[in-house]
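As structure tokens, the structure follows; a few thoughts come after it.
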Amino acid sequence: MLIKVVIADDHHVVRRGLLFFLQTQKDIEIVGEAKNGKEAVELAAKLKPDVILMDLVMPELNGIEATKQIMEIGASSKVLILTSFSDQDHVIPAIRAGASGYQLKDVEPDQLAESIRAVYKGESQLHPKVTSHVMSHFTKDTSKNRLHEELTPRELDVLAEIAKGKSNKEIAAALFITEKTVKTHVSNILAKLELADRTQAALYAVKNGIA
């Protein structure tokens, strides 16, 4: 099954380079290109891609605002940030906006392809330079440090599996429960921990020693 990808970047040369490389991957299909955040949102609604490669600094609408809008319209697309910026001022807002992954433009091409596949499967993907910023930010948020005490034993099991980067299907197999049950547990976990997505849940689990 092909992973449908939209490339959102305001630099034509970057889009061309990504297009030429990703076309060499047998399981990835480029279904659209956007040169600004506004177009990225429109393509998310129109084409319903599996993954959107999102630059952060773009005209009309930046990558963070575009990601927020994509989440708000209920698009099923996962957003993988691909940018040159690894500082906290860019990383944290992007994750909070709902991005499933954050990669830097110096990433090896094969690693980028793997990140797209991982995000498509529901796993979180953060560049090593980015992880420390996110962990530091979550450590400061002490009001949320004990929320996991509200989780049931089974929800804690599911959270630990999320932290390992497993998809719902893999979690179901590991815990001998149905995929539908996993989805219910994931929804409950996010609600109880007051988190937006699996990426934040995985980071929470690691920080609190649940993983």
Side-chain angles (χ1 to χ4, degrees), residues 1 3-6 27 44-45 48-54 64 66-81 91-103 114-127 130-131 133-211:
M1 186 171 175
I3 303 171
K4 296 185 292 182
V5 174
V6 161
D27 58 340
K48 297 179 173 53
D50 299 307
V51 178
I52 300 174
L53 273 182
M54 183 81 74
I64 291 169
T67 300
K68 277 184 190 173
Q69 289 191 20
I70 288 167
M71 298 301 122
E72 285 168 0
I73 64 174
S76 58
S77 308
K78 304 285 178 59
V79 175
L80 174 58
I81 301 297
V91 174
I92 301 304
I95 298 299
R96 287 206 174 280
S100 298
Y102 197 111
Q103 278 292 357
E114 285 304 315
S115 293
I116 291 172
R117 295 183 184 105
V119 165
Y120 170 68
K121 291 176 187 173
E123 301 168 14
S124 56
Q125 283 289 303
L126 297 176
H127 190 284
V130 168
T131 307
H133 289 315
V134 181
M135 294 301 292
S136 171
H137 179 78
F138 273 74
T139 301
K140 289 174 187 172
D141 198 353
T142 54
S143 64
K144 292 187 177 182
N145 282 357
R146 310 308 303 171
L147 289 177
H148 59 275
E149 293 176 356
E150 300 296 319
L151 300 181
T152 66
R154 182 51 100 190
E155 287 167 353
L156 285 169
D157 291 340
V158 172
L159 180 57
E161 296 299 318
I162 290 173
K164 295 173 187 173
K166 291 186 179 180
S167 65
N168 285 352
K169 187 175 182 180
E170 291 168 330
I171 294 173
L175 299 180
F176 303 102
I177 55 180
T178 67
E179 215 171 324
K180 186 177 179 182
T181 301
V182 174
K183 287 180 181 177
T184 300
H185 285 317
V186 171
S187 296
N188 290 341
I189 289 166
L190 295 180
K192 289 180 181 180
L193 298 183
E194 299 174 13
L195 300 173
D197 53 38
R198 297 170 78 99
T199 302
Q200 292 184 8
L203 291 165
Y204 181 101
V206 172
K207 177 184 155 308
N208 287 282
I210 298 168

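Predicted, not measured: the structure shown is a model, and the values here were computed from it.
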Within this structure, what is the [atom1]-[atom2] distance for the pair [X] and [Y], rounded to the nearest 0.5 Å?
X    : Y    : atom1 : atom2 : value
Q103 : L126 : CD    : CG    : 8.0 Å
I81  : I95  : CD1   : CD1   : 7.5 Å
E123 : I162 : CD    : CD1   : 11.5 Å
L159 : N188 : CG    : CG    : 12.5 Å
I52  : I116 : CD1   : CD1   : 12.0 Å
I189 : R154 : CD1   : CZ    : 11.0 Å

Would you call [X] and [Y] a side-chain contact if the rule is heavy atoms closer than 4.5 Å?
X    : Y    : answer
L147 : Y204 : yes
E155 : L193 : no
H185 : I171 : no

**Study point:** Least distance between heavy atoms, S77 atom then P49 atom
**Key:**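 Distance-wise, the nearest heavy atoms are OG-O, 2.7 Å.
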**Study point:** Closest non-hydrogen atom pair, A45 against I73
**Key:**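 Heavy atoms only, the tightest pair is CB-CD1, 4.0 Å.
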Review point. What residues form a salt bridge (Lys or Arg N to Asp or Glu O under 4.0 Å) with E114, not counting sequence neighbours?
Key: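 Applying salt bridge (Lys or Arg N to Asp or Glu O under 4.0 Å) to E114 gives R117.
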Review point. With K169, which residues qualify under salt bridge (Lys or Arg N to Asp or Glu O under 4.0 Å), at least two apart?
Key: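 Applying salt bridge (Lys or Arg N to Asp or Glu O under 4.0 Å) to K169 gives none.
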Practice item. Please identify each residue that fulfils side chain to side chain donor-acceptor pair (under 3.5 Å) with K121, with sequence neighbours left out. Key: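 Not a single residue meets the side chain to side chain donor-acceptor pair (under 3.5 Å) criterion with K121.
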Counting N and O atoms only, with roles assigned by atom type, does the side chain of [X] sit under 3.5 Å from a partner on the main chain of [Y], one being a donor and the other an acceptor?
X    : Y    : answer
S100 : L80  : no
N208 : I210 : no
S167 : G122 : no
Q200 : A196 : yes

Review point. So does E150 have more than 12 non-hydrogen atoms from other groups sitting under 6.0 Å from CD?
Key: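 Count not over threshold, so no.
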Check your understanding: Could you go step by step and tell me if N168 and R198 meet the side-chain hydrogen bond (donor to acceptor under 3.5 Å, both in side chains) rule?
Key -> CA-CA 11 Å; N168 285 352; R198 297 170 78 99; 2.6 Å; yes
Practice item. Take I70 and M54 through the test side-chain contact (heavy atoms from CB on, under 4.5 Å) and record every step on the way to the result. Key: CA-CA 11 Å; I70 288 167; M54 183 81 74; 3.6 Å; yes
